[in-house]
Amino acid sequence: MNPSLITNVECFVLKPDRHNLVVVKVTTDNNMVGLGCATFQQRPKAVQLLVEEYLRPILIGKDANNIEDLWHMMMVNSYWRNGPITNNAIAGVDMALWDIKGKLAGMPLYQLFGGKSRDAVPAYTHAVADNNEELYQEVDSLLAQGYKHIRCQLGFYGGNPSQLHTPEQSTPGSYYDQDEYMQTTVRMFAQLREKYQHRFHILHDVHERLFPNQAVQFAKDLEPYKPYFIEDILPPDQNEWLQQIRSQTATPIATGELFNNPLEWRSLVANRQIDYIRCHVSQIGGITPALKLGALCEAFGVRIAWHTPSDITPIGIAVNTHLNIHLHSAAIQENIPIKENTRSVFSPVQDAKNGYIYPLEHPGIGVEFNEAAALNFPVEYRMHEWTQARLPDGTLMTP
């Protein structure tokens, strides 16, 4: 195979809608261009600096065909490794290299991996409301669109507290009450099952808002309503408690969107303490480690539900779909409709059809990036208030 030498590596940061997005572009001497998603919306400029100041110099002149070697070189070049900024920067390059390889082969990415494991990927989306009646309207609308898996939330993460009992001169933050949240959510599940029976699978995201002993009880309380999975019931630093949850309840548990390092998921998968892994592909370093994680999960019966939030580019969404259509261990894909400004920068954009997502059939990843249009949406940092989650007494909790 003829070498395909890297001549340039560029990084673009933009904010077309609510979130900052990060795109990496790799160009080679045979006029091939690859694109990757390196989005870390809370630290986008740090990712851009790492790509342009540290990765570009070591990549110029290297053969883009050698993805495995280049991935390891980028990971160990800084000696210290496996952090969100480093991993996202590497992932942007890694995806772009896979994009180039798919274009050289004339194949969509999933075909390059080895073809399909399924015809389409089941999709789930979010129904969020402040009360049950509004939630039912959301659910009815999504059922009419063909969704059979719906993540249901009353209020923001931790719920909408109705009677917070706080001290005087409380520290500013996003307050919630754990007891009220658990009671309200269990009641929500019961009422959804009573109204809809089993017309759809119910998912829910705790978003790390509980103490470990509360998480054990919460998982047990939800078991009668047979959730599809409960996401991030614990923060990563308390995942040792998952063994107790697994021993006491059959409630399916999903976690992993905050993971950076293989040591964070290896024991959980090998000891079968989770049912679904929710890693964010760019957060773990891109397609190259994602394929390996998929193979590991298959060996231990753990299924994959890659994190696919609104703060991800359509490039990253397409990558998740290619992985999901190929990996036998994939289960489901999160889907949030793409807004118009973002659609003006990226094309084509995938939309769910009757509750399923289909892969793009273009060579490589299959998504193009309009650099001129991106200039209309400059990066903009904002405070993320939801990361200041606090208990009624003012204690800061994991967001």
Side-chain angles (χ1 to χ4, degrees), residues 1-4 6 23-28 30-38 63-72 90-123 277 279-282 284-299 303-308 312-335 338 346-369:
M1 188 171 181
N2 293 328
S4 188
I6 297 171
V23 175
V24 172
K25 175 183 175 183
V26 175
T27 307
T28 65
N30 52 356
N31 296 317
M32 299 301 298
V33 172
L35 299 172
C37 179
D63 188 351
N65 293 320
N66 300 326
I67 298 175
E68 185 74 15
D69 181 66
L70 294 179
W71 188 90
H72 283 279
I90 292 171
V93 174
D94 180 73
M95 291 183 197
L97 296 177
W98 277 100
D99 193 25
I100 289 171
K101 190 171 286 288
K103 290 172 179 175
L104 287 170
M107 293 181 182
L109 204 56
Y110 75 87
Q111 290 289 6
L112 200 64
F113 296 154
K116 292 182 178 181
S117 288
R118 55 192 53 80
D119 297 318
V121 186
I277 192 119
C279 289
H280 191 97
V281 172
S282 66
I284 64 172
I287 293 167
T288 297
L291 288 168
K292 297 170 184 177
L293 176 56
L296 175 70
C297 288
E298 182 178 349
R303 305 187 75 192
I304 291 172
W306 305 115
H307 187 227
T308 315
I312 185 173
T313 69
I315 300 166
I317 295 170
V319 165
N320 285 5
T321 308
H322 285 297
L323 288 167
N324 286 334
I325 209 75
H326 164 68
L327 291 170
H328 194 269
S329 47
I332 197 168
Q333 182 164 326
E334 188 174 12
N335 181 66
I338 304 297
F346 301 90
S347 65
V349 170
Q350 293 170 290
D351 294 301
K353 299 176 183 177
N354 198 32
Y356 284 99
I357 298 176
Y358 296 83
L360 298 175
E361 296 293 347
H362 309 293
I365 295 172
V367 177
E368 298 300 325
F369 174 61

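- You'll find the side chain of V281 stays beyond 4.5 Å of the side chain of I312, heavy atoms only.
- Contact annotation: the side chain of C279 approaches that of L293 to within less than 4.5 Å [non-hydrogen atoms, C-beta and beyond].
- Note that CD of E368 and CG of L35 are 6.5 Å apart. Values are rounded to the nearest 0.5 Å.
- Partner of W71 under the side-chain contact (heavy atoms from CB on, under 4.5 Å) criterion, out of I90, L97, V93: I90 alone.
- Surrounding NE2 of H328 are at most 12 heavy atoms belonging to other residues, nucleotides or ligands under 6.0 Å away.
- I304 has its side chain within reach of N324: a pair of non-hydrogen atoms, C-beta onward, lies under 4.5 Å apart.
- The CG atom of L109 lies 7.0 Å from the CG atom of L323; values are rounded to the nearest 0.5 Å.
- Listed by first and then second residue, the side chain to side chain donor-acceptor pair (under 3.5 Å) pairs that reach into residues 354-367 are Y110-E361, sequence neighbours excluded.
- Partners of K101 according to the side chain to side chain donor-acceptor pair (under 3.5 Å) rule, which considers only residues two or more places apart in sequence or in another chain, do not exist here.
- Residues satisfying the salt bridge (Lys or Arg N to Asp or Glu O under 4.0 Å) criterion with D99, sequence neighbours excluded, are K103.
- For N66, the side chain to side chain donor-acceptor pair (under 3.5 Å) criterion is met by no residue, not counting sequence neighbours.
- Residues that satisfy the side-chain contact (heavy atoms from CB on, under 4.5 Å) test with A352, not counting sequence neighbours, are A123, Y147, N335, I357.
- A donor and an acceptor atom, one from each side chain of S4 and N30, are located under 3.5 Å apart.
- Taking T308 as the reference, N320 meet the side chain to side chain donor-acceptor pair (under 3.5 Å) condition, with sequence neighbours excluded.
- A distance of 11.0 Å separates CD in Q333 from CH2 in W306, rounded to the nearest 0.5 Å.
- Annotation: side-chain contact (heavy atoms from CB on, under 4.5 Å) contacts of A331 (sequence neighbours excluded): Y228, Y276, R303.
- Minimum interatomic distance between T28 and A64 (heavy atoms only, all atoms of both residues): CG2-CB, 4.0 Å.
- Closest non-hydrogen pair, C37 versus G316, comes out as CB-N, 3.7 Å.
- Using modelled atom types, one side-chain atom of H322 and one backbone atom of I365 make a donor-acceptor pair closer than 3.5 Å.
- S329 places a side-chain N or O within donor-acceptor distance of the main-chain N or O of G294, the cut-off being under 3.5 Å.
- Using a 4.5 Å heavy-atom cutoff, the side chains of M95 and V24 are not in contact.
- Shown here are the side-chain contact (heavy atoms from CB on, under 4.5 Å) partners of A96, two or more places apart in sequence or in another chain: V26.
- Annotation: salt bridge (Lys or Arg N to Asp or Glu O under 4.0 Å) contacts of D69 (sequence neighbours excluded): none.
- The side chain to side chain donor-acceptor pair (under 3.5 Å) check on Q111 picks up nothing, with sequence neighbours excluded.
- Using modelled atom types, no side-chain atom of D94 and backbone atom of I67 make a donor-acceptor pair closer than 3.5 Å.
- If you take NE2 on H307 and CD1 on I284, they are separated by 13.0 Å, rounding to the nearest 0.5 Å.
- Counting only heavy atoms from C-beta outward, the side chains of F346 and V23 approach each other to under 4.5 Å.
- Scanning all heavy atoms of the two residues, the minimum distance from A91 to G286 falls at CB-N, 3.4 Å.
- The line from CD1 of I315 to CG of L360 is 11.0 Å long, rounded to the nearest 0.5 Å.
- With sequence neighbours excluded, the residues that form a ring pair (Phe, Tyr, Trp, His ring centres under 6.0 Å) with F113 are W98, H326.
- The two residues P348 and V367 have their closest heavy-atom pair at O-CG2, 3.9 Å.
- A heavy-atom distance below 4.5 Å is found between the side chains of R118 and I325.
- When every heavy atom of L327 is checked against every heavy atom of S117, the shortest pair comes out as C-OG, 3.8 Å.
- Applying the salt bridge (Lys or Arg N to Asp or Glu O under 4.0 Å) test to E68 and every residue at least two apart in sequence or in another chain returns K292.
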